[in-house]
Amino acid sequence: MFFRTIISYVVLIGGVLGGYPHAFKADKIREEQGEAVGDAYAAEKGSKILARALKFTGAEIIIEGEENIPKDGNFVLIANHQSMMDPIIIMATMKRHIAFIAKIELQKVPVLNKWMESVGCIFMDRSDLKASLKALMAGVKKVKAGDNMCIFPEGTRTDGPMLEFKAGSFKLATKSGAPILPLTIDGTHRILEDNHFWIKKATVKFTYHPIVETKGLTKDEEAALPRKVQDIVGSALKEEERFG
């Protein structure tokens, strides 16, 4: 576990630093070809770095329902959140560009913050309602411009049972009209979260569910959307890990 941890971090940090110029090149592409194109360029380069580092963790990644990931058109990815490994594995394995609604604390991390901005991430201060709404509206703008966005509506990491999905998170989809791609994450906490930053070899299962449309919903249907999606996500978890 010691050597796996050291090598994984060295490869990850080395890749992030070595690929740093790509984040600045993305800025230029964004100015010339549009925001979504620049974000996609940075995400493509970043995903290769993350995929390389992920190999050294020894994690076995099982992906089911990959056919449910839209091949074109934008979407909002909504998932449960078990570990800091979640966004790394999503980016490393998903064949579509994806950006994240991320916690505001990450904006203070040098180099990483630039990479995240280049990919199209939006930083959210969940302790400030007004700031949270502003961040969500910035995310809506990005989705309308062609980006795919991911949000973890529990608001924090948990290895189960899931916390209640926050209704406000779903505005990212309902306000943009983009469909929701539900994702169940099962086992990432065993790689990192349970081990206090030590990386342990583990099996992880990602289950992508069929798209949930958000256009044309009635008020009642929109109000029921968070629980509906949470039930879908929970359906691929053990019963004791599901919400409620």
Side-chain angles (χ1 to χ4, degrees), residues 26 30 33-44 46-47 63-81 86-87 89-91 93-103 116-124 126 131-155 162 164-185 206-236:
R30 201 172 287 110
Q33 301 180 47
E35 193 168 301
V37 180
D39 292 350
Y41 171 82
E44 178 188 1
S47 65
I63 299 179
E64 293 189 357
E66 197 168 10
E67 70 279 2
N68 292 317
I69 302 174
K71 292 181 173 57
D72 50 40
N74 53 347
F75 58 87
V76 173
L77 180 67
I78 287 185
N80 61 314
H81 195 14
D86 297 344
I89 297 175
I90 289 171
M91 281 195 68
T93 59
M94 182 177 273
K95 296 174 183 176
R96 295 289 308 275
H97 156 236
I98 190 82
F100 297 83
I101 301 292
K103 62 181 182 180
M116 293 182 72
E117 289 171 359
S118 294
V119 169
C121 294
I122 301 292
F123 298 100
M124 175 186 284
R126 291 187 182 273
S132 295
L133 183 58
K134 184 177 179 180
L136 281 173
M137 291 303 102
V140 168
K141 184 179 178 181
K142 277 191 169 291
V143 175
K144 286 183 175 180
D147 277 340
N148 304 311
M149 297 291 296
C150 173
I151 189 166
F152 300 110
E154 289 172 278
M162 286 189 293
E164 184 177 3
F165 280 14
K166 299 180 186 299
S169 301
F170 287 78
K171 292 184 184 297
L172 193 60
T174 57
K175 294 292 185 183
S176 65
I180 292 170
L181 175 62
L183 166 64
T184 305
I185 296 172
F206 274 29
T207 304
Y208 289 97
H209 301 273
I211 281 290
V212 175
E213 295 292 346
T214 63
K215 289 183 178 178
L217 297 180
T218 65
K219 287 185 178 180
D220 286 344
E221 288 172 333
E222 190 170 317
L225 190 60
R227 185 57 194 249
K228 175 182 178 179
V229 173
Q230 183 152 19
D231 285 343
I232 292 171
V233 172
S235 68

For Glu221, what residues pass the side-chain hydrogen bond (donor to acceptor under 3.5 Å, both in side chains) criterion, not counting sequence neighbours?
-> Thr218

Thr214: partners by side-chain hydrogen bond (donor to acceptor under 3.5 Å, both in side chains), with sequence neighbours left out | none

Tyr41 meets the side-chain hydrogen bond (donor to acceptor under 3.5 Å, both in side chains) criterion, sequence neighbours left out, with His22

Between Pro153 and Ala79 the two heavy atoms that sit nearest each other are CD-O, 3.3 Å

With no hydrogens and no angle check, is any side-chain donor or acceptor of Arg126 less than 3.5 Å from a backbone partner on Ala131?
-> no

Quick check: does any side chain N or O of His209 sit under 3.5 Å from a backbone N or O of Ser235, one acting as donor and the other as acceptor?
-> no

Could you tell me which non-hydrogen atom of Pro226 sits nearest to which non-hydrogen atom of Ala167, and how far apart they are?
-> CG-CA, 3.8 Å

Taken in chain and number order and not counting sequence neighbours, the residues that satisfy side-chain contact (heavy atoms from CB on, under 4.5 Å) with Ala178 are Val76, Val143, Ser176

Check whether any side-chain heavy atom of Ile101 sits under 4.5 Å from a side-chain heavy atom of Phe152, and report yes or no.
-> no

Measure the shortest side-chain to side-chain distance between Glu66 and Lys95 over non-hydrogen atoms and say whether it is less than 4.5 angstrom.
-> yes

Looking only at heavy atoms, which two atoms of Pro179 and Glu213 are closest? And how far apart?
-> CB-OE1, 3.8 Å

Any Phe123 side-chain heavy atom under 4.5 Å of Met116 side chain = yes

Which atom names give the shortest non-hydrogen contact between Leu172 and Gly139, and what distance separates them?
-> CD1-C, 3.5 Å

Checking Asn68 side chain against Tyr208 main chain: does a donor-acceptor pair fall under 3.5 Å?
-> yes

With sequence neighbours left out, which residue pairs that include part of residues 131-152 fulfil the salt bridge (Lys or Arg N to Asp or Glu O under 4.0 Å) condition?
-> Glu35-Lys142, Asp39-Lys142, Lys142-Asp147

Of all heavy-atom pairs between Ala145 and Ala36, which one has the smallest distance, and what is that distance?
-> O-CB, 3.7 Å

Report the residues that fulfil side-chain hydrogen bond (donor to acceptor under 3.5 Å, both in side chains) with Asp231, sequence neighbours left out, ordered by chain and then residue number.
-> Arg227

If every non-hydrogen atom of Ala26 is compared with every non-hydrogen atom of Gly38, which pair is closest and at what distance?
-> CB-O, 3.5 Å

Within-4.5 Å side-chain heavy-atom neighbours: Ile151 and Ile78 | yes

Value for CZ (Phe75) from CD1 (Ile69), rounded to nearest 0.5 Å, stands at 6.5 Å

Sorted by chain and number, sequence neighbours left out, side-chain contact (heavy atoms from CB on, under 4.5 Å) with Lys175 holds for Met137, Val140, Lys171

Gap separating the CG atom of Asn148 from the NE2 atom of His97, nearest 0.5 angstrom | 7.0 Å

Below 4.5 Å, heavy atoms only, C-beta onward: do Leu77 and Phe100 meet side chain to side chain?
-> no

CD of Gln230 to OG1 of Thr184: how many Å apart, nearest 0.5 Å?
-> 10.5 Å

Taken to the nearest 0.5 Å, the spacing of Ile122 CD1 from Leu136 CG works out to 9.5 Å

Enter the distance from Arg30:CZ to Gln33:CD here, rounded to the nearest 0.5 Å.
-> 11.5 Å

Not counting sequence neighbours, which residues clear side-chain contact (heavy atoms from CB on, under 4.5 Å) with Glu44? List them please.
-> Lys48

Glu64 meets the salt bridge (Lys or Arg N to Asp or Glu O under 4.0 Å) criterion, sequence neighbours left out, with Lys205

Set of residues satisfying side-chain contact (heavy atoms from CB on, under 4.5 Å) with respect to Glu154, sequence neighbours excluded | Asn80, His81, Thr158, Met162, Leu163, Phe165

Can you check side-chain contact (heavy atoms from CB on, under 4.5 Å) on Ile98 and Ile90, steps first, answer last?
-> CA-CA 8 Å; Ile98 190 82; Ile90 289 171; 3.9 Å; yes

How about Pro70 and Ile211: do any of their side-chain heavy atoms sit closer than 4.5 Å?
-> yes

Here the gap from Cys150 atom SG to Leu181 atom CG, rounded to the nearest 0.5 Å, amounts to 9.0 Å

Heavy-atom check, side chain of Leu225 versus side chain of Ile180, under 4.5 Å = yes

Does a side-chain heavy-atom distance below 4.5 Å link Ile89 with Ile185?
-> no

